[in-house]
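Notes follow the structure.
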There are 2 protein chains.
Amino acid sequence: MKYIEKLRNSGLRPTKQRLQICQVLFNSKKTFHFTINDLKKKIEKEININISLATIYNTVHAFENKGYLKQIPINSNQTYFDTNVSDHHHFYDLNEGRLIDLENSDVGPINIKKKINGKKIKSVEVLVKLEA
Amino acid sequence: MKYIEKLRNSGLRPTKQRLQICQVLFNSKKTFHFTINDLKKKIEKEININISLATIYNTVHAFENKGYLKQIPINSNQTYFDTNVSDHHHFYDLNEGRLIDLENSDVGPINIKKKINGKKIKSVEVLVKLEA
DNA sequence: GTCTACTTTATAATGATTCTAAAAAGGTGT
DNA sequence: ACACCTTTTTAGAATCATTATAAAGTAGAC
């Protein structure tokens with residue numbers, strides 16, 4: 001199974017639940033944005049199974065730490081994740097509360113001129129808020 | 001009092017508590033970042049008074065809606081605000097959990113090439129994550 | 001000053017996330 | 001396959017930021 005390696009890389013044993021989470025997260029052609037609750041519902045709908053919230057939090061956080069998922073920096077009461085881990089950005093539609101991918105090529109190069117001593121840049125994320 | 005107009009503009013009556021909040025928020029020369037709890041503590045320290053959390057939330061949200069405060073888009077368990085409402089960006093030091101201003105001139109022009117039908121851009125915010 | 005609508009406050013409610021500890025399952029060695 | 005030990009899953013409790021509530025206080029208009 002192709003997900004076993006992903007799990008082992010993330011320091012997780014390949015259990016039944018984790019493989020099912022992988023299937024929902026990584027099996028579709030299109031990447032997508034989700035909250036933990038979205039993901040729980042998606043799992044219930046697509047695999048018709050219940051996985052406890054604690055397990056989902058666990059697995060998602062492990063993948064995030066390993067870079068298999070990205071957190072989207074946005075102020076919301078819930079944390080948003082993205083299965084698209086390529087270097088890209090987001091529109092956030094304030095009226096509909098919807099996130100839309102914004103490819104790197106849609107933004108152009110971003111040149112951070114200021115440096116902070118002893119620190120290196122880990123990521124540069126652009127959030128473009130939209131309104132009607 | 002210079003804050004009365006700010007409050008009235010935000011649809012708020014100038015009460016004693018709100019004027020005190022204004023003093024802590026807008027009286028200092030330097031702008032700063034804060035969470036609601038930071039602000040509560042700052043008020044207690046600087047004016048030696050207790051204002052209930054509900055009042056602080058209320059006032060901060062009214063100012064945010066009016067553009068007198070900005071929310072900083074970052075995933076954290078708490079919401080961060082900025083008294084610097086000019087068009088600018090942020091470093092976020094992952095190791096220390098610290099925010100640092102990044103002036104517009106430190107980033108250079110950002111050109112969003114993709115358009116979404118019927119939506120206009122309200123803001124463009126860049127978050128640069130730093131690590132050791 | 002009186003009146004009415006808006007405010008403040010303490011406290012309760014909500015909701016996302018994390019913790020806990022007991023039961024279940026994975027993995028290794030036999 | 002079995003025993004054993006560790007990791008994992010789970011339901012439910014705990015935590016913590018934020019929001020709602022409703023009673024007592026205050027601002028502003030007359």
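Below, each value reflects all heavy atoms present in this structure, side chains not excepted, and no hydrogens, waters or symmetry copies.
Atom C1' of nucleotide dT14(C) and atom CD of Gln78(A) are separated by 13 Å, given to the nearest angstrom. Between Asn77(A) atom CG and dT14(C) atom P there is a gap of 15 Å when expressed in whole angstrom units. As rounded to whole Å, 18 Å separates atom P of dA25(C) from atom CG of Leu12(A). Nucleotide dT26(D) holds its P atom 18 Å from the CG atom of Leu7(B), rounded to whole Å. Note: CG (Asn65(B)) to P (dT19(D)) measures 11 Å, nearest angstrom. Rounding to whole angstrom units, CD1 of residue Ile56(B) and C1' of dT19(D) are separated by 15 Å. In this entry the distance linking CZ of Arg18(B) with C1' of dT9(C) reads 13 Å, nearest Å. Computed from coordinates, the Asn58(B) CG to dT8(C) P distance equals 7 Å when rounded to whole Å.
Considering only the side chain of Pro14(B), dG28(D) comes nearest among dG27(C), dG28(D), dT7(C). Listed candidates were dT17(C), dT18(C), dC19(C). Nearest to the side chain of Ala54(A) is dC19(C). Listed nucleotides dT10(D), dT9(C), dA16(C) differ in distance to Ser52(A); the shortest reach to its side chain belongs to dT10(D).
Looking at residues 37-44 of chain A, you'll see that no heavy atom sits under 4.0 Å from any atom of DNA chain D.
Using a 4.0 Å cut-off, no side-chain N or O of Arg13(B) falls inside it from OP1 or OP2 of dA5(C). A sub-4.0 Å separation between OP1 or OP2 of dT19(D) and a side-chain N or O of His61(B) is present. Dashed line: the shortest gap from a side-chain N or O of Thr79(B) to OP1 or OP2 of dA17(D) is not under 4.0 Å. Using a 4.0 Å cut-off, no side-chain N or O of Gln17(A) falls inside it from OP1 or OP2 of dA25(C). Contact check, Tyr57(A) against dT17(C): a side-chain N or O comes under 4.0 Å of OP1 or OP2. Remark: Arg8(A) is in phosphate contact with dG27(C), judged by side-chain N or O atoms under 4.0 Å from OP1 or OP2.
Aromatic ring pairs are classed by plane angle as parallel below 30°, tilted from 30° to 60° and perpendicular above 60°; the pair Phe63(B) and Tyr68(B) is perpendicular. Ring geometry for His88(B) against His90(B) counts as perpendicular: the plane angle is over 60°, on a 0 to 90° scale with 30° as the lower cut.
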*Residue pair Thr55(B), Asn58(B): steps toward the side chain to side chain donor-acceptor pair (under 3.5 Å) verdict*: CA-CA 5 Å; Thr55(B) 299; Asn58(B) 247 351; 5.8 Å; no
*Could you go through the side chain to side chain donor-acceptor pair (under 3.5 Å) check for Tyr80(A) and Asn75(B) one step at a time?*
CA-CA 9 Å; Tyr80(A) 277 82; Asn75(B) 275 113; over 6 Å; no
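Side-chain contact, Ser86(A) with Asn84(A): a donor N or O sits under 3.5 Å from an acceptor N or O.
Lys119(B) forms no cation-pi arrangement with Phe91(A), by the criterion of a distance under 6.0 Å to the ring centre and an angle within 45° of the ring axis.
Residue-level contact check: Thr15(B) touches the backbone only, with heavy atoms under 4.0 Å from sugar-phosphate atoms and none from bases. Among the protein residues, Thr35(B) comes within range of no part of the nucleic acid, since none of its heavy atoms lies under 4.0 Å from any strand.
Of the two residues contacting DNA chain D, namely Leu53(B) and Thr55(A), the nearest-nucleotide position lying further toward the 5' end is that of Thr55(A).
Checked for salt-bridge contact, Lys70(A) and Glu64(A) miss the test: no charged N lies under 4.0 Å from a carboxylate O.
Around atom NZ of Lys66(B), no more than 12 heavy atoms belonging to other residues, nucleotides or ligands sit under 6.0 Å away.
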